[in-house]
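Contents: one structure, followed by commentary.
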Amino acid sequence: MKAKLVRSISQARFPLAKPTWPASLPRPAPKRRVGLDYDTAWARRYPARLVRAAVTDFISSPLTQLVAPSTIVGASSLERLEGPLIFAANHNSHFDTAVLLSAIPAKFRHRLIVAAASDYFFDTTVKSTVVSLVLGAIPIERSKVSRRSAHAALELLEDDWSVLIYPEGGRSADGWMQEFKGGAAYLSVRTGAPVIPIWLEGTGRLLPKAPTAKGSAPGGSGSESSRTATLRRRPVSVTFGQPVRPSEGDDARKMGVRIEDAVALLGREVATDYYRARRDPDRALTYGPEASTWRRAWAKPPAISVAERHPRDSWPD
Amino acid sequence: MSPRPGFVLEVDKSTPPTLLWKGEGFGLQKLPTGSRIVYAPEPFDALEDPEGAIRRALEHPTGDAEPLSAQLRPGMSLTICFDDISLPLPPMEAPDIRQMVIEAVLDAAATAGVDDVVLIAALALHRRMTEPELRHALGSRVYDAFAPSGSLLQHDAEDPAALVHLGKTEHGEDVEINKRAAESDLLVYVNINLVAMDGGHKSVATGLASYKSLRHHHNPATMRHSKSFMDAPASELHTANWRMGRLIKDAGVKVFQIETTLNTNTFPESFQFLQKREWEWSLRDRLTYQATATALDKAPTKLARSIFHSIRSPHALRSVYAGEVEAVHANILTDVWDQQGVAVEGQTDIVTMGLPYISPYNVNSILNPILVACLGLGYFFNLYRGKPVVREGGVAILFHPTRPEFHPGHHPSYIDFFEQVLTETTDPVVMSEKFEHAFATDPWYRHLYRTGHAYHGVHPFYMWYWCCHALEHLGRVIIVGGDPATVRRLGFHPASTLDDALEIAADVVGPSPSLTHLHTPPLLMADVS
C-alpha cells in the first residue's frame, strides 16, 4: 500500500507534478522574497500573534529567566503610558530581544514589532519566517534610514504597533555603546510617538558577538581565533528610562542626539548611580575609552556573577 | 515588473502540456514536438485614475472636436449610445466601463443644463438586453434615472418610425440609422474596443443601423474581402462602414466618439491559471486546475455553463480617447495592437484553437453550433494582421463539444437555420441567395427580436458569413470532441482526439505538417510576416 502510494506520487505528472520548463526559454532566477522584500503582514494577523504570545509568555520568557535572571528597573513608569511607543535600546547580543520581550510590559509586548537587520535576519525564507513569527520582526536596512524601511515602520506605528529598535544598527563588538543611527529619531519625529530609552547590561557576556575572521590577529591559530558565540548563564539588567518626546521644532537629528544621550545616561546610571550619572557625564562610562581594542575590553567592568546579583539567604554565622 | 510581451514557443520534449479550452471545460493537451504555440502578451497595468482619464479625454478631445462641455447647452437634445451585451468578454466586474464613461458624460450634461437626454443601447440586430444586464452595464444610478421615464432605449432596427434614411453612399449602399440618434444635436457614442474590429465608424454605421443598411456589408462578398476584419485597412467590412460613417457625418449628424481599450486581464483571481503560461503554474494553480477541470467534467453542462457565465472579468481601463471618430479610432487601434499583438513568423499547415464557452453572441446563453463555427472561423481565425496564421489550403482544428443545443429565447432563428438551411447547403453565397430574405423578413422572428430577447432572424446567416474568409481559405475544418452529427451538419470533420484529427488532416496537408496553436484567451492578435 505504502509502496504503491510512493510510486504513484513519484510518477505523478503535470498538473499534479510540477510542470517542466521549456528548454528554449531562459529560466528566470527564482524570486526570493526575502530581505527587505519579505512581507511580514501575515505575522501581525491574529493567528500568528496568538502563537507569538504563547511562545513569548510560556516558553521564551521562562527560559530567558532561567538563562539570564534579570533585574528590571523603571518598568513601572511605562504602565501609565499609552502606545504606540518606540523602545530604543543599546545592543550587545542576540539575546537582547529575548530579554526585552520578557521585560517589556504585556500591554506593549503583545503589540510590538522588532526592527531587525534585513541582511542578517531576513536573508533566507526560513529565517525570515521564524523571526517574523517568534519575534514579530520586520526587515530594516541598518546602514541608513531607507525610505522603504522607514515607511513600513511608520505605517505600523500609525496602526498602533510599538516598535523595538536598536539604534546602534548592530551589536557592539566590545560591549561599549556605539553611536546611534537616525531611525528611531526619524520615526518619533514623524509620528510623535515617545521613545523609551533602555539600557541592557550583561547580555554581552551572556551571548557575546562571535569574533569575525577579520577581527582575528594575523597568524592566529587555535581556539581563540575560531571561537564561536556560546551561551553562558549570566544575570542581566534592563533599565527603562523616562520617555523622550519630540518637542516643537525638533528635527530627526536633534531628536537623535536626545535619544542617544538618554540611553547613555542610563548606561552611566547602571555603571555608577543615579546621581553620579547626572553629575558627571563621563562619555567613557558608556562609550568606553578611545583606545586600542584590548584596552577598551580591559576597561569594561568585570562581569557580575549570579551569586552576587542574587545573594542567597543564609543563616548568620 | 512590466508585463511581458507575447511570444511564440516551439514545442519540444520539455514543454509541458498546453491548456486547451473545450467549451464549458478545459484540458491539458500535449502538442507534437516542433509545433508552435502563440502566447498572448501579459495584461497591461490598469490606469491608476480611470475617472480622471475619462474626464481629461472628454475635455481634451482628439482630432477636430471641441471639448464635450463646450458642445453642451441648455435646450439641446443629447443622445448617448453605448455598446451592448456583446462587449466586453467575459462581462467585466462592476463598475462596467460604460457606466464610468456615461456617468462622466451625464455629469457634464447636468452641469450644462441639458434636459433632453436619451440613452440608446446600440444593438444593431442583436438581442435586447435584460434589465439586470442594463443595470450591470450602466449602473443602477444611470438606469434608475432614465429607464422609468422611457429615456433608456434599445435600438430597434425593425421600427420604421424609429429609423431615418440618410442617403446612399457612392457604392449605392443605403444608410439608415436610428432616428433619435441622427436627429439629436449631439450623438455621444460610448465604445468598448475589446478587439481591433470594434469602434470607428462601425459604431454608429452598424450599431444603430437597420437590416436595410447592414445587408450592404454583412454579406459573403464583403466578408471574403475582409482579410482580416481585425485589420481595418485590409477589411472590406470596415471600408464599407467608413463610407457610411462619412455619409452620416456629411448628413449633419454630429458624433462625439468615446473609445476605450481594456487590458487583457480576463479571469478573476481564482481562475488566473487560465491566463498563465503552463510552466509557471504554481502549486495553487495546478490544484485549482485539477479541481475545476475534474468538477466541470463531472458537472451537468447546464451547471458548468451557469458557473462560467457567472464569471466577471477583472478587465481594467487601459486608455480612453474622445472626439472626432477617425482620429479617436486611430489612437485606439495603436493601443489595442500594443496590448494584443504578437509577432509570428511565417504561416503554418495546421492551426489549432481551443474554443471557450463564450462569444459576443451568447453572453448568458448557449454557444450553439453556428456560434461555435463563428467563434473559431470568424473570430479566432481572423485574429491576424498581414496573413492568416494558417496557409491557404491548410487545416483548422477546433476543440469544442459542439452539442446541438440552442437557446430558444435568444436564438430562435438559429434553430431553423440549423435544421432548414445547413441541411441543404453550407455555402454562404447559396444560402444568402436562397434563404436570407425569408429569415430576415419573417414576422415571427421580427416579433421576437422587437419584443423578446431574440437575435434578429437574419443573424445566423451573418454568423455564417463571418466564417466566409476562413471557409474559402482553409482546406479542411476539424472539430475535436464535437458531436459527430452536428459537426458534419456544419460541413466539418469530427474527431475524437488530436491524434485522430492529425490523421484526418494528413489527407490535406501531408503526414508531417507544421502546427501552430493559438493560446487564447486572453486575446491576442497575430502579426504574421
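Side chains are part of it too, since the values below use all heavy atoms of this structure and drop only hydrogens, waters and symmetry mates. By convention in this document, chain letters (A, B, ...) are assigned in the order of the sequence lines, proteins followed by strands, and residues within each chain are numbered from 1. Keep in mind that what you see is a predicted model, and the values were worked out from it rather than measured.
With a 4.5 angstrom heavy-atom cutoff, A/Leu25 touches chain B only via side-chain atoms. With a 4.5 Å cut-off on non-hydrogen atoms, B/Gln290 touches chain A through its side chain but not through its backbone.
Heavy-atom minimum distance, B/Trp281 versus A/Pro15: CZ3-CB, 4.4 Å. The heavy-atom pair separating A/Thr20 from B/Trp279 by the smallest distance is O-CB, 3.2 Å.
Summarising the local packing, NZ of A/Lys18 is surrounded by 12 or fewer heavy atoms from other residues, nucleotides or ligands at distances under 6.0 Å. In this structure, B/Lys302 places its NZ atom where only 12 or fewer heavy-atom neighbours from other residues, nucleotides or ligands lie under 6.0 Å away. Counting heavy-atom neighbours within 6.0 Å of B/Glu503 CD, excluding the residue itself, gives a total of 12 or less. At most 12 heavy atoms of other shown residues, nucleotides or ligands fall within 6.0 angstrom of atom CZ in A/Arg190.
Evaluated for a side-chain contact (heavy atoms from CB on, under 4.5 Å) with A/Pro19, the options B/Arg277, B/Arg286, B/Glu280 yield exactly one hit, B/Arg286.
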